[in-house]
Amino acid sequence: MTPWFFQQSHQQPVTASAKQTSCRFLIRAATPADLTEVAQIIAESFHSQKGFWGWAFPLLRLGIYEDLRHRLASPAPHHVCLVAVDTTAGTANNIAGTVELGVRFSDYWTEAGRSFPYLSNLAVCSKYRRQGAASQLLEASDKVAREWGFEDIYLHVLENNHQAQQLYFKFGYRVHKVESNWNTFLFKRSQQILLHKHLLLNSTS
């Protein structure tokens with residue numbers, strides 16, 4: 001996962017759904033044919049299209065697309081990109097949202113130490129927000145992590161993204177630690193919070 005995914009200048013909030021529409025979305029693994037749409041959703045959610053970033057937006061979207069294509073073409077034993085597909089009658093199987101789940105190590109750079117599932121790039125298309133897509137993607141991620149045999153799952157959220165934090169807290173995530181790096185101080189960017197959730201292996205959700 002390229003580090004710039006977690007150094008965003010702009011981030012749209014992932015919000016809890018106002019109405020649960022569990023029968024509306026089909027959660028499945030992404031295919032190569034989905035990647036253009038998935039890259040667009042991630043780019044719109046994490047990067048501004050105003051000013052300089054508007055000029056750079058196509059390049060950022062292309063970078064996201066190429067990263068996704070590489071990961072799907074060279075799958076790791078524990079990696080999946082999930083998509084929430086709108087199955088409402090009259091739609092063309094539009095992708096409403098996406099999330100990636102992989103495995104990281106306590107020593108990320110050497111891939112040594114304890115391994116743990118790590119959730120990233122949770123993003124929902126603007127027209128589908130507050131309709132339950134993010135909730136279903138989180139539930140599906142928990143299920144996959146349990147199927148892999150893990151008891152814990154982690155993710156990062158920006159300190160100033162309060163709506164996303166509310167959603168994650170609702171789903172049982174808790175603060176593991178607050179992280180700072182040179183970008184935080186030099187560019188006055190929001191700190192990242194590493195969240196942790198303990199999974200119940202016998203859960204059916």
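- Counting only heavy atoms from C-beta outward, the side chains of Gln165 and Tyr173 never approach each other to under 4.5 Å.
- Smallest separation of non-hydrogen atoms from Phe171 and Ser135: CZ-CB, 3.4 Å.
- Between the OG1 atom in Thr88 and the CG atom in Leu26 there is a gap of 11.5 Å [rounded to 0.5 Å].
- Note: His156 NE2 to His176 NE2 = 9.5 Å, rounded to the nearest 0.5 Å.
- Annotation: the span from Arg104 atom CZ to Ser115 atom OG amounts to 13.0 Å, rounded to 0.5 Å.
- Counting all heavy atoms, side chain and backbone alike, Leu122 lies closest to Phe46 at O-CZ, 3.6 Å.
- In this structure, OH in Tyr65 is found 12.5 Å from CD in Glu37, a value given to the nearest 0.5 Å.
- Proximity of Arg146 to Ser141: side-chain heavy atoms (C-beta onward) are nowhere separated by under 4.5 Å.
- When side chains are defined from C-beta on, Leu138 counts as touching Leu167, because their heavy atoms get closer than 4.5 Å.
- Using a 4.0 Å cut-off between charged side-chain N and carboxylate O, Glu100 and Arg71 make a salt bridge.
- Checking each of Asn121, Leu155, Val80, Leu137 against Leu101 for a side-chain contact (heavy atoms from CB on, under 4.5 Å) leaves exactly one that passes, namely Val80.
- The heavy-atom pair separating Ile41 from Val124 by the smallest distance is CG2-C, 3.9 Å.
- With rounding to the nearest 0.5 angstrom, the CD atom of Gln136 is 11.0 Å from the CD atom of Gln131.
- In this view, Ala140 and Ile27, Leu82 satisfy the side chain to side chain contact (heavy atoms under 4.5 Å, CB included) rule, not counting sequence neighbours.
- Nearest heavy atom pair, residue His196 against residue Asp152, reads NE2-OD1, 2.5 Å.
- When all heavy atoms of Leu72 and Ala30 are compared, the pair lying nearest together is CD2-O, 3.8 Å.
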*Report the C-alpha separation of Leu194 and Val178 in whole Å, then their side-chain angles, then the decisive distance to 0.1 Å, and conclude whether the side-chain contact (heavy atoms from CB on, under 4.5 Å) test is met.*
CA-CA 6 Å; Leu194 181 64; Val178 178; over 6 Å; no
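- In this structure, CD on Gln163 lies 10.0 Å from CZ on Arg129, to the nearest 0.5 angstrom.
- The aromatic ring centres of His78 and Phe150 sit less than 6.0 Å apart.
- Ion pairing between a basic and an acidic side chain is recognised when a charged N comes within 4.0 Å of a carboxylate O; Lys127 and Asp86 show no such pairing.
- Looking only at side-chain heavy atoms (C-beta outward), Tyr154 and Lys197 stay at 4.5 Å or farther from each other.
- Put simply, the side chain of Tyr168 reaches to within 4.5 Å of the side chain of Val157, judged on heavy atoms.
- Within the 4.5 Å cutoff, the side chain of Arg174 has no heavy atoms near those of the Leu195 side chain.
- Contact record, Phe25 with Gly132: CE1-C, 4.2 Å, taken as the closest heavy-atom pair.
- Thr98 places no side-chain N or O within donor-acceptor distance of the main-chain N or O of Val38, the cut-off being under 3.5 Å.
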_Stepwise side-chain contact (heavy atoms from CB on, under 4.5 Å) test for Trp148 and Lys143_ = CA-CA 9 Å; Trp148 289 347; Lys143 181 178 180 181; over 6 Å; no
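- Looking at heavy atoms from C-beta onward, Ile95 lies out of side-chain contact with Cys125 at the 4.5 angstrom threshold.
- The shortest distance between side-chain heavy atoms of Ile153 and Leu199 falls below 4.5 Å.
- Panel note: side chain Asp34, backbone Thr31; a donor-acceptor pair is recorded below 3.5 Å.
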*Given side-chain contact (heavy atoms from CB on, under 4.5 Å), test Gln192 with Glu159 step by step and report yes or no.*
CA-CA 6 Å; Gln192 292 187 114; Glu159 187 179 38; over 6 Å; no
